[in-house]
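The next block holds one structure in the form of structure tokens; read it before the comments.
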Amino acid sequence: MLAGAAVAKDIKIAHIYSKTGPLEAYGKQTATGLLMGLEYATGGTMTVNGRKIVVIEKDDQGKPDVGKSLLQAAYGDDKVDLAVGPTSSGVALAMLPVAEEYEKILLVEPAVADSITGDKWNKYIFRTGRNSSQDAISNAVALDHENVHIATLAQDYAFGRDGVKAFKDAIKKAKIVHEEYLPTNTTDFTAGAQRLFDALKDKPGRKVIWIVWAGAGNPFKIADLDPKRYGIEISTGGNILPAMAAYKNFPGMEGATYYYFDIPKNPANNWLITEHYKRFKSPPDFFTAGGMSAGMAIVRALEKTNGNTKTDTLIKTMEGMSFDTPKGKMTFRKEDHQAMQSMYHFKIKVDPAFTWAVPELVREIKPEEMQVPIRNKR
């Protein structure tokens with residue numbers, strides 16, 4: 001070894017997510033998926049170009065101010081090369097300016113609000129997670145027909161409001177007759193359900209309540225209030241497996257999902273399913289796939305830069321970059337760094353072998369079929 005030759009410095013990644021708080025279940029999956037993605041993409045070595053990858057985990061508790069200060073500490077004190085996270089859209093919006101201030105990449109996974117890659121975006125922000133528009137456009141595919149009347153039910157914060165706005169933008173033929181926003185911690189849905197029923201019950205044609213909801217509370221309880229007596233159906237996107245137990249009450253329900261382990265057929269997903277069953281005795285879930293996608297994107301970028309972690313080099317490399325994931329190929333769109341990706345139109349099947357309802361694939365909605373609006377001002 002040459003005298004004075006430096007030992008390659010570790011590549012440090014901060015993962016800031018909801019280890020605790022209302023979105024804890026999502027955060028834990030992302031953390032598992034991120035590590036599995038780094039492992040898979042590096043062939044188990046956890047190194048790129050001789051540099052070891054080290055992940056530092058931090059708990060934002062789902063609180064914007066906590067997430068913000070943790071990201072400042074990660075960039076400033078821990079001197080991380082880039083950060084991944086967070087789980088909540090509210091936390092993400094507090095973190096975006098920090099990435100700009102420290103001129104370091106924040107790879108957003110899985111926070112969904114459009115504004116993250118929209119009007120609150122800056123050039124240090126990339127996102128492997130899907131955005132509200134991708135959710136909405138793909139769900140509109142299942143519902144947007146003539147003579148359909150839709151009322152929406154969402155939580156009253158960035159995720160819910162951006163989700164409904166994007167859904168309204170995507171709907172061309174159906175009519176949106178009412179928007180219901182409830183506090184994120186709602187447990188009693190009776191009053192909200194009554195307003196939804198009143199808005200829909202006298203409408204002709206197909207009547208649908210479209211739900212966009214995350215974390216605690218079970219909005220599907222409104223089924224107990226018997227919307228069927230008015231001919232009202234319920235529709236929603238995919239969710240984590242425990243939440244999809246509630247879908248068993250809605251056989252035949254259609255919507256679109258970001259991921260269900262049995263849908264995508266590719267080597268990365270096959271590995272993820274096999275290894276996840278081996279290690280955890282259960283299939284990988286929604287956000288496990290997302291975490292893995294983030295890990296694979298990072299390794300792909302580092303391979304392309306030969307392990308160079310300079311921010312400008314990474315940004316140039318990642319803009320327009322395609323990479324493999326458990327969902328197949330994704331590409332970071334140059335304009336806003338949003339990962340363009342497939343979504344899956346499903347129909348719910350009830351299978352007694354599973355505790356959750358099975359979203360059977362109707363068809364894959366490919367990225368090029370979705371006109372996902374560019375919402376930032378670059």
Side-chain angles (χ1 to χ4, degrees), residues 9-21 23 27 30-31 34 51 53-129 131-132 157-159 161-162 290-291 294-295 297-298 301-302 305 307-321 332-339 374-378:
K9 264 180 44 196
D10 291 347
I11 295 167
K12 290 210 268 191
I13 298 168
H15 185 205
I16 300 171
Y17 66 99
S18 291
K19 268 190 176 182
T20 56
L23 302 180
T30 308
L34 177 64
R51 296 184 66 184
I53 297 173
V54 177
V55 178
I56 301 166
E57 295 193 351
K58 295 175 185 279
D59 178 15
D60 62 39
Q61 303 163 40
K63 295 172 181 166
D65 53 332
V66 177
K68 185 180 177 175
S69 61
L70 288 175
L71 187 59
Q72 287 166 332
Y75 291 144
D77 305 336
D78 303 323
K79 301 284 187 272
V80 300
D81 295 292
L82 73 157
V84 180
T87 318
S88 154
S89 291
V91 178
L93 292 170
M95 285 164 65
L96 303 184
V98 180
E100 188 166 38
E101 183 192 337
Y102 284 87
E103 300 184 344
K104 290 269 175 87
I105 286 173
L106 172 62
L107 179 59
V108 176
E109 175 65 50
V112 179
D114 267 340
S115 42
I116 294 165
T117 41
D119 61 346
K120 302 287 187 278
W121 178 88
N122 63 67
K123 73 173 185 180
Y124 301 99
I125 308 306
F126 285 80
R127 173 158 50 191
T128 42
N131 67 15
S132 289
Y157 78 120
F159 168 73
R161 289 199 172 264
D162 278 16
I298 290 166
L302 291 169
T305 68
N308 182 339
T309 50
K310 271 189 60 185
T311 301
D312 290 348
T313 308
L314 283 171
I315 291 174
K316 275 197 197 80
T317 303
M318 290 166 72
E319 286 192 340
M321 180 182 87
F332 285 126
R333 181 162 65 179
K334 277 197 173 78
E335 290 83 354
D336 61 358
H337 303 172
Q338 173 61 48
I374 295 166
R375 296 183 186 273
N376 64 354
K377 305 277 182 280
R378 186 162 194 183

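What you see below is based on every heavy atom in this structure, not just the backbone, and it leaves out hydrogens, waters and symmetry mates.
Lys63 pairs by the salt bridge (Lys or Arg N to Asp or Glu O under 4.0 Å) definition with nothing, not counting sequence neighbours. Residues satisfying the salt bridge (Lys or Arg N to Asp or Glu O under 4.0 Å) criterion with Asp336, sequence neighbours excluded, are Arg333. Here Ile105 pairs with Leu82, Phe126, Thr311, Leu314, Ile315, Met318 under the side chain to side chain contact (heavy atoms under 4.5 Å, CB included) rule; sequence neighbours left out. Looking at residues two or more places apart in sequence or on another chain, you find a side chain to side chain contact (heavy atoms under 4.5 Å, CB included) between Arg161 and Asp156, Tyr181. Looking at residues two or more places apart in sequence or on another chain, you find a side chain to side chain contact (heavy atoms under 4.5 Å, CB included) between Ser69 and Gln72. Every residue meeting the side-chain hydrogen bond (donor to acceptor under 3.5 Å, both in side chains) condition with His337, not counting sequence neighbours, appears here in chain and number order: Glu319. Not counting sequence neighbours, Asn376 has no partner by the side-chain hydrogen bond (donor to acceptor under 3.5 Å, both in side chains) test. The side chain to side chain contact (heavy atoms under 4.5 Å, CB included) test applied to Lys310 returns Asn308, Thr313, not counting sequence neighbours.
Under the 4.5 Å side-chain criterion, counting only non-hydrogen atoms from C-beta, Asn131 is not in contact with Ile116. Put simply, the side chain of Ile298 does not reach to within 4.5 Å of the side chain of Ile53, judged on heavy atoms.
Here the straight-line distance linking atom CG of Asn122 with atom CZ of Arg378 works out to 10.0 Å at 0.5 Å rounding. Of the inter-residue distances, the one linking Ile13 atom CD1 with Leu107 atom CG reads 9.0 Å to the nearest 0.5 angstrom.
Using a distance-only test at 3.5 Å, with no hydrogens or angles considered, no donor-acceptor pair links the side chain of Arg127 to the main chain of Gln338.
A 6.0 Å sphere centred on NZ of Lys12 holds more than 12 heavy atoms belonging to other residues, nucleotides or ligands.
Using cut-offs of 30° and 60° for the angle between ring planes, the His15 and Tyr17 rings count as parallel.
Residues in residues 72-99 take part in these salt bridge (charged side-chain N to carboxylate O under 4.0 Å, His left out) pairs, two or more places apart or across chains: Lys58-Asp78. A salt bridge (charged side-chain N to carboxylate O under 4.0 Å, His left out) check over residues 98-124, counting only residues at least two apart or in different chains, returns the pairs Asp114-Arg375. Pairs engaging residues 66-115 under the ring pair (Phe, Tyr, Trp, His ring centres under 6.0 Å) rule: Tyr75-Tyr102 [sequence neighbours left out].
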Please list every donor-acceptor pair under 3.5 Å in which a side-chain atom of residues 87-99 meets a protein atom from a residue at least two apart or in another chain.
| residue | atom | partner | partner atom | Å |
| --- | --- | --- | --- | --- |
| Thr87 | OG1 | Ser18 | N | 2.9 |
| Ser88 | OG | Gly90 | N | 3.1 |
| Ser88 | OG | Val91 | N | 3.4 |
| Ser89 | OG | Val112 | N | 3.2 |
| Ser89 | OG | Ala113 | N | 3.0 |

